[in-house]
**Student:** 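Before anything else, here's the structure in question.
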Amino acid sequence: MKALKELSGVAAPLPMINVDTDMIIPKQYLKTIGRSGLGKGLFHSMRYNDDGSDNPSFVLNQEAYKNASILIAGDNFGCGSSREHAAWAIEDFGIRCVIAPSFSDIFYNNAFKNGMLLIRLPQEQIEDLTRQAEYGANAVFSVDLDSQTVTAPDGATHTFEIDDFRKHCLLNGLDEIALTLEKDSKISSFEKDKASAHSWLTPAA
Amino acid sequence: MQAKTLYDKIWDAHVVTTEPDGTCLIYIDRHLVHEVTSAQAFEGLRIGNRKVRRPELTLAVVDHNIPTSDRSGGINDPESKLQVDTLRDNTKEFGVEYYNEHDIRQGIVHIIGPEQGFTLPGTTVVCGDSHTATHGAFGALAHGIGTSEVEHVLASQTLLQNKSKNMLVKVNGKLGVGVTAKDLTLAVIAKTGTAGGTGHVIEYAGEAIRNLTMEGRMTLCNMAIEGGARAGLVAPDETTFEYLKGRPMAPKGKDWDEAVAYWKTLKSDKDAHFDAIIELDAAEIAPVVTWGTSPEDALAITEVVPAPEDFADEHKQAAAKRSLEYMGLQAGTPLSSIPIDRVFIGSCTNGRIEDLRAVARVVEGKTIAANINAMVVPGSGLVKKQAEDEGIADILKAAGFDWREPGCSMCLGMNPDRLEPGERCASTSNRNFEGRQGHGGRTHLMSPAMAAAAAITGHLTDVRELEATASGGTTT
Ligand code: SF4
């Protein structure tokens, strides 16, 4: 995965609760067998009119936010389907960090696997950050993973929590599969013990 | 020894290694694969020059993209066809068992796992699909994963996980007549909210849960994810064992006896600690329908469409306003007066034989309302065959239902089955998100019996009233 240490940029405010993955990337984009190019489908039904033109009232179509690298969203962001296409689409658009009061478990995992940083902050702080993000292109936020802080345009710093292992992988851009495969002997001995204790576990052919 | 929950027990039995911060490497016993979320994972294996570690623990099927009309002529949509062909080729290259669209065992991934006896109590089950929670009905720790994790499991048969918290949902008493597992699961979500289960694994317990059939328990656990939970669990019991016995991939002979002896130990200890407990009285649950675009927007059919001002929180108010606009509904309208255009019976929530029987019971000897298009999509080829053998298919066809081939179909409309903009559908699926069943389509979630009742009257209907009229005023 791509490493991420720090990031600064404009943050797009999307103060809606329960933004589901069907909204983030709808089904017509799920037929791909690749990972790239999904940014154009991001938030499809909110972002485009029925005739395919841009809906000017949607935040990512406004000049100030076209190059946003951070998204500030509402509670339960990324709920619904497990489609990793949602993370791929956000990342492909250029957003590497999403800040919200809470995320669905699966989306949270998927995003980190793609070198994105998701930050949970309490509701009042999110409301404050959303207000500041609404100032547009001049409101620059910075995020620092090492110190686990978000600095808002008004200079205030907000600290966030993250698991050490996840942080370590993202800071160093580690390939988790390679890391796991280094533990091959442990996996093999686990399998051996299981096979002798529970022979029924192997599916009947 | 410290008292443990069912979740604790299954978790502890699968930890391979633990990182200093508590992140664990968990062993995965069963991996289900479908065409939409696996291509990039197999591609990753190829790029990394890796193999599938235990192909015999992996089962693949096509379900999302395939047409539910006659398939003998192949798939017309070139992108769907490419995705299906890619799965076929990948499973062949990596030695994974695969049910193609002509195989009678083919069906929705969460229907065929249990049906084949691939899903077993006490196992860990994953799939690149959020409704993997379904398999928790067997007392398996089952959850959805993303494509990167699919690749991780294929390569290592393990997954990196942080342990979730324990939540207990206890449903006391008995469900009333006409009230089903679907009503129960929607009622739970209406109570907890769609984020209520976030970070938790839910164990469902209590008399009403014990009385559910395996089909009902699968419907219940299927929607645990809609309540935000990582997984849902029901402790295995005789109902579970009876369902599994003799299934093609279930243990046989001595293995079966050993397995059952072990499965009987799989229940929460009496003093086990739960981080959250929710109790419901089954008798208070009425048949439920959703009115909005989130599964938590569920109300008893006897209620009216709410107004945004009915919600305390300003974010909920904004969401309700948006939902009502999208759904084309006025606050104060009785739910039972809302006319519908389409009926969809199927999906991994309600595409099993018991669901089709419930529909047949309601519609037998009746015909669906004029101008309604009603489709039944069995969850698997075997469900379809059983329904045909039992005469259910004939009853449904005689009532005016369109009898289709198995798959996900209009649950999400990746295949040609979908709603047109503005069409309103009584649906037995699990998601009423904007555009889920087709761009601009309006979905009301409900049980199979309720969807059947709506098909007959042409509007959302309390199935208890329909049955009362049919039987001369008494319900049995
Ligand atoms: S039936 Fe619907 S919810 Fe179930 S796996 Fe298929 S698309 Fe997903």
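The chains referred to below are lettered A, B, ... by the order of the sequence lines, with proteins before strands, and numbering in each begins at 1. Computed from heavy atoms alone, side chains included, the values below leave out hydrogens, waters and symmetry copies. Keep in mind the model is a prediction, meaning the values are calculated, not measured.
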**Student:** Not counting sequence neighbours, which residues clear salt bridge (charged side-chain N to carboxylate O under 4.0 Å, His left out) with A/Lys113? List them please.
**Tutor:** A/Glu176
**Student:** Against chain B, label A/Phe103 side chain, backbone, both or neither, depending on which of its atoms sit under 4.5 Å from a heavy atom there.
**Tutor:**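 Interface part for A/Phe103: backbone (N, CA, C, O).
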**Student:** Distance from A/Asp105 atom CG to B/Asn162 atom CG, nearest 0.5 Å?
**Tutor:**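 Interatomic distance, A/Asp105 CG to B/Asn162 CG, rounded to 0.5 Å: 9.5 Å.
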**Student:** Which bit of A/Ser188 is near chain B, if near means a heavy-atom gap under 4.5 Å: side chain, backbone, both or neither?
**Tutor:** both
**Student:** Give the intermediate values and the outcome of side-chain contact (heavy atoms from CB on, under 4.5 Å) for residues B/His439 and A/Gln28.
**Tutor:** CA-CA 10 Å; B/His439 178 68; A/Gln28 61 268 37; over 6 Å; no
**Student:** Would you tell me whether B/Glu56 and A/Thr202 have side-chain atoms, one donor and one acceptor, within less than 3.5 Å of each other?
**Tutor:**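 No pair is found: no donor N or O on one side chain lies under 3.5 Å from an acceptor on the other.
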**Student:** Non-hydrogen atoms of chain B under 4.5 Å away: do they reach the side chain of A/Ala86, the backbone, both or neither?
**Tutor:**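 Contact with chain B is absent: no heavy atom of A/Ala86 under 4.5 Å.
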**Student:** With heavy-atom distances below 4.5 Å as the criterion, would you say the side chains of A/Pro26 and B/Glu434 are in contact?
**Tutor:** no
**Student:** Would you say the side chain of A/Lys31 lies within less than 4.5 Å of the side chain of B/Asn65, judging by non-hydrogen atoms?
**Tutor:**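 Sidechains of A/Lys31 and B/Asn65: in contact.
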**Student:** Is the closest side-chain donor-acceptor distance between A/Gln123 and B/His315 under 3.5 Å?
**Tutor:** yes
**Student:** If you measure from CG on A/Leu201 to CG on B/Leu120, what distance do you get to the nearest 0.5 Å?
**Tutor:** 7.5 Å
**Student:** Checking heavy atoms, do the side chain of A/His85, its backbone, both or neither come under 4.5 Å from chain B?
**Tutor:**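 For A/His85, the side chain is the part near chain B, not the backbone.
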**Student:** Any heavy-atom pair between the side chains of A/Asp163 and B/Glu19 that's under 4.5 Å?
**Tutor:** no
**Student:** Taking C-beta and beyond as the side chain, do A/Leu179 and B/Leu160 meet within less than 4.5 Å on heavy atoms?
**Tutor:** no
**Student:** How many angstroms lie between atom NZ of B/Lys254 and atom OG of A/Ser199, to the nearest 0.5 angstrom?
**Tutor:**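 B/Lys254 atom NZ to A/Ser199 atom OG measures 5.0 Å (nearest 0.5 Å).
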**Student:** Are the side chains of B/Tyr262 and A/His198 in touch, meaning some heavy atoms are under 4.5 Å apart?
**Tutor:** yes
**Student:** Would you say the side chain of B/Ile145 lies within less than 4.5 Å of the side chain of A/Ser82, judging by non-hydrogen atoms?
**Tutor:** no
**Student:** Output the residues of residues 46-60 of chain A for which the shortest heavy-atom distance to chain B is under 4.5 Å, in residue-number order; output 'none' if no such residue exists.
**Tutor:** A/Met46, A/Asp50
**Student:** Nearest 0.5 angstrom please: A/Lys27 NZ to B/Gln437 CD, how far?
**Tutor:** 8.0 Å
**Student:** Could you state the interatomic distance from CG (A/Leu30) to OG1 (B/Thr37), rounded to the nearest 0.5 Å?
**Tutor:** 9.5 Å
**Student:** Does any non-hydrogen side-chain atom of A/Cys79 lie less than 4.5 Å from one of B/Thr194?
**Tutor:**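 Side chain of B/Thr194 against side chain of A/Cys79, heavy atoms only: no contact under 4.5 Å found.
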**Student:** Would you check if A/Asn76 and B/Thr198 make a side-chain contact, meaning some heavy-atom pair closer than 4.5 Å?
**Tutor:**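 Answer yes - side chains close enough.
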**Student:** Under 4.0 Å between a Lys/Arg side-chain N and an Asp/Glu carboxylate O for B/Glu43 and A/Arg35?
**Tutor:**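 The answer is no: the pair does not qualify as a salt bridge.
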**Student:** Less than 4.5 Å to any heavy atom of chain B: does that hold for the side chain of A/Lys186, its backbone, both, or neither?
**Tutor:** both
**Student:** Relative to each other, are the rings of A/Trp200 and B/Trp263 parallel, tilted or perpendicular (30° and 60° limits)?
**Tutor:** perpendicular
**Student:** CG of A/Asp20 to OG1 of B/Thr293: how many Å apart, nearest 0.5 Å?
**Tutor:**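 Result: 8.0 Å between the selected atoms.
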